Amino acid sequence: MDSPVSKSDASKEKFVASRPSTADSKAMRGCGLANLTWVGVDKVELRQRLMMPEYIRLAMRDCIKRKDSSAIPDHLLLPGGAVADMAPHAPMVVFINPKSGGRHGPVLKERLQQLMSEEQVFDLTEVKPHEFVQYGLGCLEKVAAEGDECAKECRARLRIMVAGGDGTVGWVLGCLGELNKEGKLPIPPVGVIPLGTGNDLSRSFGWGGSFPFAWRSAIKRILHRASMGPVARLDSWKILVSMPSGEVVDPPYSLKPAEDNELDQGLDAGIDAPPLAKSYEGVFYNYLSIGMDAQVAYGFHHLRNTKPYLAQGPISNKIIYSGFGCTQGWFCTPCVNDPGLRGLRNIMKIHIKKANCSEWEEIAVPKNVRSIVALNLHSYGSGSHPWGNLKPDYLEKRGFVEAHCDDGLIEIFGFKQGWHASFVMAELISAKHIAQAAAVRFELRGGDWRDAFLQMDGEPWKQPMSTDYSTFVEIKKVPFQSLMINNE
C-alpha cells in the first residue's frame, strides 16, 4: 500500500517552515547554524545599523523604569524634534531569558549589550514584555506624536529578537498582539535566538534548533540577518477551557481566568454542559496536545521545578524526559492494566469546523490513540514533522490541503503509544491523521479517568474531569496574525 507521504515532496523546502534536503543541512539546522552565511560582520557597522539615538534609548528606559509612558524628562528631548535621517536602518531590541540556555544567559546578555547598547537589551526577569509594550513603545509613540521624525521612523522600523525557548517567544508575541487590539500599528516582527530545548518556533523560521557552538561570532551574524530578513506571517490560536465550577485546576502561566464562558453557541453542549462553569483562556502558536505525551511532560516539569539541579541543559532534559516516558506507561505498560492508559476515545469527543464552513461536524476518535495533537507549525518535538509531506492524491482523498503555518487551518493527528510516536518523530512514518480544521472543540468526560493531561506550547497541566458534566476545550483562530522575521 502506498504511503501518504511523498518521497519526492519530502525533499522540497517550504516557505517559512522549510525542511533541509540533505543530512548535512539538517545537522547544521540542529546545531543552530541554519542559514547563517559565514561572512564577517563589522561590529561598528552593525552597531550603527541597530542602535537608536541616545536620547530615545534613555527616554524609553526612564519610562519603563517609572512605569509611565509620559514620564519623559525634558532634557532628553531635542528642541524641535529630530530628523528622520538620524534613525538607524533597523532599530532593534532584544529580550533575553537568562534562565534558558544553561549557563549562556548572563554572558549572552553582556555580549548583546556590547553589540547594541545596554538600553536595548531587556532581561525578562527585570522587564516584562508587556511593560516594554505599554511604557517603552508608548514613550516612543508619544515622542513621535510631538513631531520627532526620528522617533517616528524608529517606531515604524523596529524589530525584536527573543533569546529564549518557544515559551519565551510566545510570551513576547502575546504581548505584542495587544497592539492589534488597540490599533497601534505596525506590529514589530520577531526573530529568535534559540535557547530552549525544542525550539520549534525557531526552527520553523530558519533560526536553528539550538544555541550556536561558536556563539560569539554567530550572534553578530544573527543580528545582522535579523536586521534585513523578510517578514513572514504566523497564525495564532485562542484556547478556551470551560469546566464545572467546582473543579480545581492549577493552570500554566499562559492560561488566564476568562471573564465569560464564550463557547461557540453554534454547537449545543446539551445536558453535558455544567449549569455553572468557570473558564480559562490563552493563546498558543505551536501546538495543543491531550493525553499521554502531556502526562509525561507534566511529570518532567514537576521534577524540574522541585529538583532544578537535575535539568541543567537540553541534553540532560531530553534524557530525563525519555525516562519519564518509560516509567509512566508511554512505552511499556499494557493498556489494559490502568484505565488511565487506555485510548482517548473512552473520554473524548471531537467536533470541528472545516474551512469556509459555519457548521460543526463530529469526527471519530481513532481506536487506541493515546495522545492527540493540534499542530500549527511544521516543526514539533525538536524539529520533527509528524504531519508529513503528503501526496496530492492523498490530500484530495482526505479533503486536506498542504499545511502551512499561515493558512488559517490547524492539523489534528494522534499517537498510539511511545513506539509509534518514536517512529513518527524519526520521520519513518506519519502520525495518525485525524482532521484539518479552522476550529476544534474537544469534549472530555470522566469515569474511570479522574484527570486528563494537556499541554500547550510545552506548558503542561493536569485537568480534572467530572463524571457528571463535560469539560470543553475549544480552539479558534485569533483574528490577527503574528509577524516573524524569516531567516531565509
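Everything numeric in this text was worked out from a predicted model, so none of it was measured.
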Item to complete: Would you please classify the geometry between the Phe413 ring and the Trp387 ring as parallel, tilted or perpendicular, with 30° and 60° separating the classes?
Response: tilted
Practice prompt. Side-chain contact test, heavy atoms from C-beta onward, threshold under 4.5 Å: evaluate it for Arg111 versus Lys220 and give yes or no.
Written response: yes
Discussion item. For a 4.5 angstrom cut-off between non-hydrogen side-chain atoms, does Ile64 reach Phe132?
Written reply: yes
Fill in: Heavy atoms of other groups near Lys476 NZ, more than 12 under 6.0 Å
yes
Worksheet, complete the sentence: Leu50 and Ser227 have their tightest heavy-atom pair at CD2-CB, 3.8 Å
Discussion item. Tell me every residue that passes side chain to side chain donor-acceptor pair (under 3.5 Å) with Asp451, counting only those two or more places apart in sequence or in another chain.
Written reply: none
Item to complete: State whether Phe472 and Arg441 meet the cation-pi test: NZ (Lys) or CZ (Arg) under 6.0 Å from the six-membered ring centroid, and within 45° of the perpendicular axis.
Response: yes
Worksheet entry | Verdict with reasoning, Val162 to Trp171, per side-chain contact (heavy atoms from CB on, under 4.5 Å) | CA-CA 10 Å; Val162 180; Trp171 184 16; over 6 Å; no
Worksheet item: Quick one: does Lys109's side chain get under 4.5 Å of Asp123's, heavy atoms only?
Response: yes
Discussion item. Can you give me the closest heavy-atom contact between Leu483 and Leu173, atom names plus distance?
Written reply: O-CD2, 4.4 Å
Worksheet item: Could you walk me through whether Glu119 and Met60 pass the side-chain contact (heavy atoms from CB on, under 4.5 Å) check?
Response: CA-CA 8 Å; Glu119 297 83 13; Met60 294 174 66; over 6 Å; no
Response to the item:
Checking Gln463, Lys256, Met243 against Tyr280 for side chain to side chain contact (heavy atoms under 4.5 Å, CB included), the one that qualifies is Met243
Discussion item. If I compare all heavy atoms of Asp406 with all of Arg233, which pair ends up nearest, and what's the gap?
Written reply: CB-O, 3.5 Å
Discussion item. Can you confirm whether Leu176 sits close enough to Pro188 that some side-chain heavy atom of one is under 4.5 Å from a side-chain heavy atom of the other?
Written reply: yes
Fill in: Heavy-atom check, side chain of Arg225 versus side chain of Trp207, under 4.5 Å
yes
Worksheet item: Sequence neighbours excluded, which residues qualify as ring-ring contact (aromatic ring centres under 6.0 Å, His included) partners of Tyr287?
Response: Tyr380
Discussion item. Set out, in order, the CA-CA distance, both residues' side-chain angles and the distance that settles side-chain contact (heavy atoms from CB on, under 4.5 Å) for Trp461 and Met456, then state yes or no.
Written reply: CA-CA 9 Å; Trp461 76 95; Met456 184 171 74; 4.0 Å; yes
Item to complete: Looking only at non-hydrogen atoms, find the nearest pair between Ser379 and Asp200 and report the distance.
Response: OG-OD1, 2.5 Å
Worksheet item: Yes or no on side-chain contact (heavy atoms from CB on, under 4.5 Å) for Leu288 and Val440, after CA distance, side-chain angles and deciding distance?
Response: CA-CA 11 Å; Leu288 171 85; Val440 189; over 6 Å; no
Practice prompt. Applying salt bridge (charged side-chain N to carboxylate O under 4.0 Å, His left out), run through Glu45 and Arg49 and close with a yes or a no.
Written response: CA-CA 6 Å; Glu45 291 183 4; Arg49 190 178 185 87; over 6 Å; no
